[in-house]
Amino acid sequence: MGPRAIERRAPSDALGGLIPHARFTTIMILLINSALFVADYISPQSGLLQYGASVPWPAMQGQWWRLVTAGFLHGGILHILMNSWVLFDLGAEVEQIFGTSRLIVFYFVSTITGFYASYLWHPLGNSVGSSAGIFGLLGAMIALGVRDRSSYSAAIRAHYVQWGIYALILSALFPATDNAAHIGGVTGGFAIAYIAGTPRLTGYGERLWQLGGAAAVALTAVAFAFMFRWMMTAGNL
């Protein structure tokens, strides 16, 4: 297992110490989620949930951006608070071990795989929430434990497998929970993290993951641009 990403960074924190480096990207995701939630709360007629949520396959009609945008929207205050609490801790752990580029790729890929599974199998209608990406980060930590053979990684694997089982059981107690997105997310996160491994100090592969992270950010921006264009076409903006 290579050196953790945190070990390759300068010790100073971002924004004058307000945001530790180990949480910077995680907090940026949380801020985006919160800003979109506040915008929808202030102006529910804008249609953010209507045009950004994942929907079952008969209703998708080529609106591919929903597989991305759904992962940044939430249906209520309790929903976003619970997801933010978990993401704040788990995201920081993944960011510390895997680094920023891999975190972004993991979150992006698992959001898509999660909501693609929801698109195929979730019968209850629209679905939103960062939990698909969160379960993807959980899958990434399990992949770390499977890929690396150290006792430390074995402990990580046992811890996060147990956490994942508890989370799925708890989710099953609430009928409206989109467990298809959770299962799709953890599967996608595990697969991409197993391929990625942990960062190395140098190498062509690291450059590819940096480009992958940049591409994920760009595609997320494009997805939201498509969503807002659709909202404008419908007269909601």
Side-chain angles (χ1 to χ4, degrees), residues 14-20 23-56 59-92 95 100 103-104 107-108 110-112 114-116 118-119 122 124-137 167 170-171 174-182 184-185 216-237:
L15 301 182
L18 293 177
I19 303 177
R23 296 188 189 272
F24 182 78
T25 305
T26 299
I27 290 179
M28 292 299 102
I29 295 172
L30 289 170
L31 288 174
I32 292 169
N33 292 350
S34 299
L36 289 169
F37 177 78
V38 170
D40 182 68
Y41 182 81
I42 293 174
S43 181
Q45 70 275 12
S46 65
L48 275 175
L49 294 183
Q50 179 183 354
Y51 296 103
S54 174
V55 295
M60 186 70 79
Q61 298 180 349
Q63 298 172 25
W64 62 268
W65 65 83
R66 293 177 179 271
L67 299 178
V68 179
T69 56
F72 296 86
L73 302 172
H74 291 83
I77 185 65
L78 183 61
H79 190 200
I80 191 171
L81 287 177
M82 290 295 293
N83 281 351
S84 297
W85 172 46
V86 178
L87 180 57
F88 183 75
D89 284 332
L90 181 57
E95 190 170 359
T100 296
L103 169 69
I104 293 171
Y107 192 85
F108 178 78
S110 56
T111 294
I112 292 176
F115 284 109
Y116 185 73
S118 174
Y119 154 82
H122 185 53
L124 299 179
N126 296 5
S127 180
V128 293
S130 57
S131 56
I134 290 170
F135 269 82
L137 300 184
L170 183 62
S171 298
F174 299 92
T177 301
D178 187 356
N179 274 314
H182 295 171
V217 171
L219 288 171
T220 299
V222 170
F224 274 98
F226 270 80
M227 184 192 75
F228 286 124
R229 187 186 70 170
W230 193 265
M231 291 168 63
M232 292 177 65
T233 301
N236 287 72
L237 286 179

Chemist: For Phe224 and Phe72, run ring pair (Phe, Tyr, Trp, His ring centres under 6.0 Å): C-alpha distance rounded to whole Å, both residues' side-chain angles, the deciding distance at 0.1 Å, then the answer.
Modeler: CA-CA 10 Å; Phe224 274 98; Phe72 296 86; 5.7 Å; yes

Chemist: For the CE atom of Met227 and the CD atom of Gln63, what is their distance to the nearest 0.5 Å?
Modeler: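 Going from the CE atom of Met227 to the CD atom of Gln63 covers 11.5 Å.
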
Chemist: For the OG atom of Ser84 and the CD1 atom of Ile29, what is their distance to the nearest 0.5 Å?
Modeler: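 Result: 11.0 Å between the selected atoms.
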
Chemist: Is there side-chain contact between Thr26 and Leu103, with heavy atoms separated by less than 4.5 Å?
Modeler: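 Yes. Closest side-chain heavy atoms under 4.5 Å.
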
Chemist: Nearest 0.5 angstrom please: Phe135 CZ to Leu90 CG, how far?
Modeler: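 If I round to the nearest 0.5 Å, the distance is 10.0 Å.
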
Chemist: Give me the atom names and distance for the closest heavy-atom approach of Ser54 to Ala70.
Modeler: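 It is N-CB, 3.4 Å.
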
Chemist: The criterion is side-chain contact (heavy atoms from CB on, under 4.5 Å); which residues satisfy it with Leu170, sequence neighbours excluded?
Modeler: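 Here the qualifying residues are Leu173, Phe174.
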
Chemist: Would you compute the distance between atom CE of Met28 and atom CZ of Phe24 and round it to the nearest 0.5 angstrom?
Modeler: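 The CZ atom of Phe24 is 4.5 Å from CE of Met28, to the nearest 0.5 Å.
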
Chemist: Is Val55 close to Tyr119 at the side-chain level, that is, under 4.5 Å between some pair of heavy atoms?
Modeler: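 When only atoms from C-beta onward are counted, Val55 and Tyr119 do not touch, as no gap falls below 4.5 Å.
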
Chemist: Gly185 and Ser110: which non-hydrogen atoms are nearest, and at how many Å?
Modeler: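 Of all heavy-atom pairs spanning Gly185 and Ser110, the closest is O-CB, 3.3 Å.
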
Chemist: Determine whether Leu49 and Asn126 make a side-chain contact, defined as any pair of heavy atoms from C-beta on separated by less than 4.5 Å.
Modeler: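 Not in contact.
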
Chemist: Taking the side chain as C-beta and beyond, is there a heavy-atom pair between Leu219 and Val68 under 4.5 Å?
Modeler: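 No; the side chains remain at least 4.5 Å from each other.
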
Chemist: Taking ring pair (Phe, Tyr, Trp, His ring centres under 6.0 Å) as the definition, give me every residue that meets it alongside Trp64, ordered by chain and number, with sequence neighbours left out.
Modeler: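 So Trp64 forms a ring pair (Phe, Tyr, Trp, His ring centres under 6.0 Å) with Phe226.
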
Chemist: Would you check if the side chain of Thr69 reaches a backbone N or O of Trp65 as a donor-acceptor pair within less than 3.5 Å?
Modeler: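 Yes; judged by distance alone, with no hydrogens or angles, the pair exists.
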
Chemist: So how far is it from Leu48 CG to Leu36 CG, rounded to the nearest 0.5 Å?
Modeler: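 Those atoms lie 6.0 Å apart.
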
Chemist: List in chain and number order the residues that pass side-chain hydrogen bond (donor to acceptor under 3.5 Å, both in side chains) with Ser43, two or more places apart in sequence or in another chain; answer none if no residue qualifies.
Modeler: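 Testing Ser43 for side-chain hydrogen bond (donor to acceptor under 3.5 Å, both in side chains), a comparison that skips the adjacent residues, returns Gln45.
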
Chemist: Who passes side-chain contact (heavy atoms from CB on, under 4.5 Å) against Ile77, sequence neighbours left out?
Modeler: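 Residues passing side-chain contact (heavy atoms from CB on, under 4.5 Å) with Ile77: Phe37, Ile80, Leu81.
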
Chemist: Tell me, please, which residues at least two apart from Ser130 pass side-chain contact (heavy atoms from CB on, under 4.5 Å).
Modeler: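 Partners of Ser130 by the side-chain contact (heavy atoms from CB on, under 4.5 Å) criterion, ordered by chain and then number, come out as Asn33, His74, Asn83, Tyr107, Ile134.
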
Chemist: When you compare the side chain of Phe115 with that of Arg66, does any pair of heavy atoms fall below 4.5 Å?
Modeler: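 In short, these two side chains do not touch, never coming nearer than 4.5 Å.
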
Chemist: What distance do His79 atom NE2 and Thr177 atom OG1 have between them, rounded to the nearest 0.5 Å?
Modeler: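 Output value for this atom pair is 8.0 Å.
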
Chemist: Can you confirm whether Arg23 sits close enough to Asp89 that some side-chain heavy atom of one is under 4.5 Å from a side-chain heavy atom of the other?
Modeler: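 Of all side-chain heavy-atom pairs linking Asp89 with Arg23, at least one is under 4.5 Å.
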
Chemist: Does a side-chain heavy-atom distance below 4.5 Å link Leu73 with Asp40?
Modeler: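 The answer is no, as the side chains (C-beta and beyond) never meet within the 4.5 Å cut-off.
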
Chemist: Can you check whether Thr25's main-chain N or O pairs, donor with acceptor, with Glu95's side chain at less than 3.5 Å?
Modeler: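 Side chain of Glu95 to backbone of Thr25, a donor-acceptor pair under 3.5 Å: yes, one is there.
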
Chemist: Minimum heavy-atom separation for Leu137 and Gly91, please, with both atom names.
Modeler: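 Where Leu137 meets Gly91 most closely, the heavy atoms are CD1-CA, 3.9 Å.
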
Chemist: List the atom of Ala132, the atom of Gly114, and the distance in Å for their closest heavy-atom pair.
Modeler: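 Looks like CB-CA, 4.1 Å.
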
Chemist: Please list, chain by chain and in numerical order, all residues satisfying side-chain hydrogen bond (donor to acceptor under 3.5 Å, both in side chains) with Ser131, sequence neighbours excluded.
Modeler: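 side-chain hydrogen bond (donor to acceptor under 3.5 Å, both in side chains) list for Ser131, sorted by chain: His182.
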
